[in-house]
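Working notes, structure below.
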Amino acid sequence: MGSLPSPGSLQVLENDDAPVINRCELRVLFESQQRHLNDFFDKLDLDHAQAFAQTLLDAPGAIFFSGVGKSGFVALKLSQTLASLGFTRSAYLPPVDALHGDIGALFPSDILVLISKSGSSDELLNLVPCARAKGARLISLTSVEGNPLASLCDMNVHLPLEREVCPFGLAPVTSSAIQMVFGDTVVAAIMRARKLTKESYARNHPAGKIGKSLIFKVKDLMKKQDELPLCKETDMIMGQLTELTSKGCGCLLVVNAEGQLIGTFTDGDLRRTLKASGEKIFKLTVGEMCNRNPRTITPEAMAVEAMQKMESPPSAVQFLPVIDDQQVVLGIITLHGLVSAGL
């Protein structure tokens with residue numbers, strides 16, 4: 001009971017009977033969806049949209065979103081996006097759970113945004129008097145003119161809907177897209193109004209590529225001290241093979257007595273020198289064959305900047321020496337290290 005049938009027990013359709021997506025019909029559907037979305041943009045009342053955005057921007061308390069079905073998923077997503085900005089409390093309030101205790105999270109200074117295509121969902125209509133009794137301000141986002149939910153709220157924003165792209169005009173495949181586009185655009189407007197910085201945004205996104213690209217600096221990921229493949233320019237090339245290969249950087253950092261960077265010598269340089277010089281390589285010093293104009297970076301630079309610098313023309317490199325303003329080597333950052341960190 002409740003288990004899925006085994007693959008072997010499923011009836012396999014004959015090739016002639018198998019459903020196939022028609023490319024021409026797919027193009028027509030995409031074009032229809034584009035027309036419906038353009039109709040929304042053309043007919044949206046910008047004054048109402050601005051008033052809604054300003055209300056959220058000025059919210060003295062928390063901002064809750066609620067909805068049923070697909071509108072509920074949109075409400076959940078918008079609440080999470082707004083919360084991730086870090087300057088206001090925002091959460092999703094499930095309409096049914098709200099009537100069984102969760103409405104206790106709602107306070108008089110809060111805003112409750114109710115999202116519904118029809119504006120006639122019983123779950124939301126039942127929630128309205130209870131939320132009003134808590135003193136919250138109620139705002140509805142709906143697409144049907146003259147709906148009951150809009151008449152019960154303090155503010156309503158009409159989201160124009162020409163029709164659903166669904167063949168029956170029923171499945172909310174256009175209305176939910178409109179709700180999401182509208183909500184996300186309002187959030188973007190709030191970000192601009194608040195002058196949200198990358199640094200502030202990153203503080204709420206510490207994991208994943210977004211956070212890491214905005215938080216990690218070169219000094220956080222660089223190798224340093226005993227991990228550095230250092231040598232002097234007077235060292236013989238063949239005497240530094242162990243240093244070249246044992247530190248996992250694929251290079252040597254050539255420094256003077258004060259620790260200042262003179263150049264770099266890579267395993268690629270070794271191969272090219274061996275090919276060009278043959279046995280003479282045994283008499284060559286690192287300083288004679290090193291690159292004296294390598295790309296470098298500072299420890300305070302963002303790690304993502306280091307990756308961009310490695311990948312920039314004329315040819316990509318696998319590492320960057322990390323130096324201070326006196327050219328003293330502080331570390332080395334490698335492409336492998338950046339990738340391993342999730343960048």
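Residue numbers run from 1 in the order of the sequence given. Side chains are part of it too, since the values below use all heavy atoms of this structure and drop only hydrogens, waters and symmetry mates.
When only modelled atom types and interatomic distance are considered, Asp235 and Thr285 share no side-chain donor-acceptor pair under 3.5 Å. Between the side chains of Asn147 and Ser120, not a single donor N or O lies within less than 3.5 Å of an accepting N or O. In this structure, a donor-acceptor pair under 3.5 Å is present between the side chains of Gln54 and Asp58. Under the 3.5 Å distance criterion, with hydrogens and angles disregarded, a donor-acceptor pair is assigned to the side chains of Thr174 and Gln33. When only modelled atom types and interatomic distance are considered, Gln318 and Thr334 share no side-chain donor-acceptor pair under 3.5 Å.
Here the CD1-NZ distance, from Ile178 to Lys117, works out to 9.5 Å after rounding to the nearest 0.5 Å. Between Phe64 atom CZ and Leu112 atom CG the span is 8.5 Å, to the nearest 0.5 Å.
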Worked check of side chain to side chain contact (heavy atoms under 4.5 Å, CB included) between Thr142 and Ser118: CA-CA 6 Å; Thr142 60; Ser118 67; over 6 Å; no

Verdict with supporting geometry, Glu258 and Val328, side chain to side chain contact (heavy atoms under 4.5 Å, CB included): CA-CA 7 Å; Glu258 288 73 38; Val328 174; 5.8 Å; no

Working for side chain to side chain contact (heavy atoms under 4.5 Å, CB included), residues Val68 and Leu124: CA-CA 8 Å; Val68 180; Leu124 296 183; 4.1 Å; yes

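Leu338 is not listed as a side-chain neighbour of Phe216, based on a closest heavy-atom distance of 4.5 Å or more. Residues Pro94 and Tyr92 form a side-chain contact, since some pair of their non-hydrogen atoms from C-beta on lies under 4.5 Å apart. At least one side-chain heavy atom of Leu320 sits less than 4.5 Å from a side-chain heavy atom of Met310.
A salt bridge does not link Lys247 with Glu227: every distance from a Lys NZ or Arg NE/NH1/NH2 to an Asp or Glu carboxylate oxygen is 4.0 Å or more. The pair Asp110-Lys134 does not meet the salt-bridge criterion, since no charged nitrogen lies less than 4.0 angstrom from a carboxylate oxygen. With respect to Asp39 and Arg35, no salt bridge is recorded, no charged nitrogen being found less than 4.0 Å from a carboxylate O. Using a 4.0 Å cut-off between charged nitrogen and carboxylate oxygen, Glu305 and Lys309 do not count as a salt-bridge pair. Residues Arg272 and Asp269 are paired through a salt bridge, judged by an N-O separation under 4.0 Å between the basic side chain and the carboxylate.
Environment of CZ in Phe87: crowded, with over 12 heavy atoms of neighbouring residues, nucleotides or ligands closer than 6.0 Å. Residue Gln50 qualifies as open at atom CD: its count of foreign heavy atoms under 6.0 Å is 12 or below. The neighbour count for Asp226 CG, taken as heavy atoms of other residues, nucleotides or ligands under 6.0 Å away, does not exceed 12. Other residues, nucleotides and ligands contribute only 12 or fewer heavy atoms inside 6.0 Å of the CD1 atom of Ile21. The neighbour count for Glu311 CD, taken as heavy atoms of other residues, nucleotides or ligands under 6.0 Å away, is above 12.
Evaluation of the side chain to side chain contact (heavy atoms under 4.5 Å, CB included) rule for Leu152 yields Leu125, Val128 as partners, not counting sequence neighbours.
Gly61 and Thr88 get closest at one heavy-atom pair: O-OG1, 3.8 Å.
Under the 4.5 Å side-chain heavy-atom criterion for Ile, Leu, Val, Met, Phe, Trp and Tyr, Leu141 and Leu161 are members of the same hydrophobic cluster. Connection of Met191 to Val186 is established within a shared hydrophobic cluster, with ILVMFWY side chains joined at heavy-atom distances below 4.5 Å, either directly or through further cluster members. Leu93 and Leu76 fall into different hydrophobic clusters, where Ile, Leu, Val, Met, Phe, Trp and Tyr residues are linked whenever their side-chain heavy atoms come under 4.5 Å apart, directly or through other members.
Through direct or relayed side-chain contacts under 4.5 Å between Ile, Leu, Val, Met, Phe, Trp and Tyr, Val304 connects to Met302.
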